[in-house]
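These notes concern the structure reproduced below.
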Number of protein chains: 2
Amino acid sequence: MQNFVELLKAHGLKSTFQRVQILEAISICGHKDIDEIYNDVVKLHPTISLATVYKNLIIMKDNGVLCEVSVSGKKSKYEIKKEDHLHLICTHCGSIEDFTLEASFDKIVNLQDFELQKKEINLYGICTKCHSQKAS
Amino acid sequence: MQNFVELLKAHGLKSTFQRVQILEAISICGHKDIDEIYNDVVKLHPTISLATVYKNLIIMKDNGVLCEVSVSGKKSKYEIKKEDHLHLICTHCGSIEDFTLEASFDKIVNLQDFELQKKEINLYGICTKCHSQKAS
DNA sequence: TTCGTACCAAATAAAAATTATCTAAAGGAA
DNA sequence: TTCCTTTAGATAATTTTTATTTGGTACGAA
């Protein structure tokens with residue numbers, strides 16, 4: 001359990017009951033999509049609006065508190081930002097497990113007790129073309 | 001330029017004008033989202049319905065003709081299925097470049113003339129729990 | 001304290017995206 | 001060609017996401 005009040009302030013965001021509840025909900029299992037988050041928070045705070053959850057997920061993502069995990073064919077999951085890591089995503093039950101390792105990719109794949117079906121590696125950044133345009 | 005008629009049949013799908021046009025549109029730049037595909041195809045075939053594009057993307061994905069590339073914060077892109085590879089996604093212009101390499105992850109990252117911001121590695125498969133349930 | 005400002009939540013409303021339904025037409029095999 | 005099955009197109013319905021409006025609350029300055 002982290003101190004989410006401080007986490008929010010450290011990123012320049014006001015700490016509100018709703019934001020802390022959203023972060024609490026995510027931290028329970030590490031990854032949740034918006035419906036799971038809303039369903040969790042609404043139990044503790046029945047008047048919360050789904051739009052509030054949308055807005056706060058976006059603002060917390062933009063300010064580096066959260067990361068969005070794009071999952072093929074499903075709604076994005078959100079996780080509290082931490083160092084880069086792998087996601088082992090089960091195509092059957094949808095569970096996501098984190099896996100931090102600095103080994104080579106082949107090593108990772110062979111080590112796992114996980115029936116691998118698909119590897120998805122996306123590197124986000126600024127491409128050469130955009131980089132040179134920014135400089136000029 | 002591939003023979004998309006044969007590709008479809010090889011995956012047990014009927015070859016229709018619309019499906020071939022969708023595949024042609026994707027193959028031009030390698031990755032397109034649904035709006036880009038629709039805008040391309042509608043020029044050649046003005047009566048095509050957006051729902052047709054949706055339906056065909058899903059069916060061609062389910063039958064292994066296409067892959068969905070989840071892009072954080074944007075609509076999924078679709079690509080014609082091939083061997084696993086990296087995606088270099090520019091957060092500025094949205095361009096996607098394929099990068100096939102069997103080197104270690106660190107090597108890949110350092111080699112690139114690409115200002116890396118975020119690594120997203122998702123491995124899809126069947127987790128241990130689901131695997132044992134299927135066996136029983 | 002009393003304003004004024006800024007930010008936020010909630011409640012709609014609105015817009016956008018996706019899926020379902022139904023009928024006519026096209027594809028593929030005999 | 002003929003038949004059967006699948007698909008496309010049109011439309012409606014649903015779902016998802018975003019925008020707008022209103023009211024509340026915290027904070028600082030006067």
Side-chain angles (χ1 to χ4, degrees), chain A residues 4-25 32-66 68-78 94, chain B residues 3-26 32-66 68-78 94:
Chain A
F4 296 126
V5 175
E6 290 306 317
L7 180 66
L8 287 163
K9 286 182 183 169
H11 287 85
L13 291 174
K14 287 196 175 176
S15 166
T16 69
F17 177 81
Q18 291 82 351
R19 286 177 186 169
V20 172
Q21 289 306 311
I22 289 170
L23 292 172
E24 296 274 9
K32 283 209 172 86
D33 68 26
I34 184 155
D35 298 322
E36 294 167 332
I37 293 165
Y38 175 76
N39 288 331
D40 275 14
V41 175
V42 83
K43 288 177 192 161
L44 294 164
H45 188 42
T47 64
I48 196 172
S49 160
L50 183 57
T52 299
V53 181
Y54 270 104
K55 272 187 301 187
N56 281 312
L57 287 178
I58 291 169
I59 201 171
M60 288 195 282
K61 178 190 161 190
D62 289 347
N63 286 71
V65 178
L66 294 179
E68 180 184 354
V69 183
S70 306
V71 181
S72 181
K74 300 207 174 180
K75 283 198 181 184
S76 288
K77 304 269 183 174
Y78 291 86
Chain B
N3 184 340
F4 296 125
V5 174
E6 289 306 317
L7 182 65
L8 286 163
K9 288 183 183 170
H11 288 85
L13 291 174
K14 284 194 177 180
S15 165
T16 69
F17 177 81
Q18 290 83 351
R19 286 177 185 167
V20 172
Q21 290 305 312
I22 289 170
L23 293 172
E24 296 273 9
I26 294 171
K32 282 209 171 87
D33 68 26
I34 183 155
D35 297 323
E36 295 167 331
I37 294 165
Y38 176 75
N39 288 332
D40 275 14
V41 176
V42 84
K43 288 176 191 159
L44 294 164
H45 188 44
T47 64
I48 196 172
S49 162
L50 183 57
T52 297
V53 181
Y54 270 104
K55 274 187 299 188
N56 281 313
L57 288 178
I58 290 169
I59 201 171
M60 287 193 284
K61 179 189 162 193
D62 288 347
N63 286 72
V65 178
L66 295 177
E68 180 185 352
V69 183
S70 305
V71 181
S72 181
K74 300 207 173 181
K75 283 198 182 185
S76 289
K77 304 268 184 177
Y78 290 86

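The figures here come from the full heavy-atom set of this structure, side chains too, leaving out hydrogens, waters and symmetry mates. So you know, we letter chains A, B, ... as the sequences are listed, proteins then strands, and number each from 1.
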Rounded to whole angstrom units, what separation is found between the CD1 atom of A:Ile22 and the C1' atom of C:dA10?
13 Å

Is there a side-chain contact between A:Met60 and A:Leu23 in this structure, where contact means two heavy atoms from C-beta onward sitting under 4.5 Å apart?
yes

Nearest whole angstrom, please: distance from the P of D:dT7 to the CG of B:Leu8.
10 Å

Please report, rounded to the nearest Å, how far the P atom of D:dG9 is from the CD1 atom of B:Ile48.
5 Å

Walk along nucleotides 14-23 of chain C from 5' to 3' and tag each nucleotide B, S or - by protein heavy-atom contact under 4.0 Å, base first, then sugar-phosphate.
---SSBB---

Any heavy-atom pair between the side chains of B:Ser70 and A:Val71 that's under 4.5 Å?
no

With A:Asp33 as reference, evaluate A:Lys75, A:Lys74, A:Glu68 under the side chain to side chain contact (heavy atoms under 4.5 Å, CB included) test and give the passing residue.
A:Lys75

Distance in angstrom units between A:Gln21 CD and C:dC8 C1', rounded:
16 Å

Whole-Å distance separating the CG atom of B:Leu44 from the C1' atom of D:dA8:
17 Å

Measure all distances between protein nitrogen or oxygen atoms and nitrogen or oxygen atoms of nucleotides 25-28 of chain C, and list the pairs falling under 3.5 Å.
{"unit_1": "C:dG28", "atom_1": "OP1", "unit_2": "B:Ser15", "atom_2": "N", "d": "3.3"}

Could you walk me through whether A:Ile34 and A:Leu50 pass the side chain to side chain contact (heavy atoms under 4.5 Å, CB included) test, one step at a time?
CA-CA 9 Å; A:Ile34 184 155; A:Leu50 183 57; 4.2 Å; yes

Check the distance between C:dC8's C1' and A:Leu57's CG and give it to me in whole angstrom.
15 Å

Please tell me if the side chains of B:Arg19 and B:Val65 come closer than 4.5 Å, counting only heavy atoms from C-beta onward.
no

Rounded to the nearest 0.5 angstrom, the CD1-NZ distance for A:Ile37 and A:Lys77 is 9.0 Å

What is the nucleic acid contact for A:Thr47, judged by heavy atoms within less than 4.0 Å: base, sugar-phosphate only, or nothing?
sugar-phosphate

In the structure I gave you, are the side-chain heavy atoms of A:Lys61 and A:Leu57 within less than 4.5 Å of one another anywhere?
no

Reported CD1-to-OH distance for the pair A:Ile58 and A:Tyr78, which is rounded to 0.5 angstrom:
6.5 Å

When rounded to whole Å, the CG to P distance for the pair B:Asp62 and D:dT7 reads 12 Å

Hey, does the side chain of B:Asn56 come within less than 4.0 Å of D:dT7's phosphate (OP1/OP2), counting only N and O?
no

For the residue pair A:Thr52 / A:Gln18, report whether a side-chain donor-acceptor contact shorter than 3.5 Å exists.
no

With a 4.0 Å cutoff (strictly under), does any side-chain N or O of B:His45 reach OP1 or OP2 of D:dA8?
no

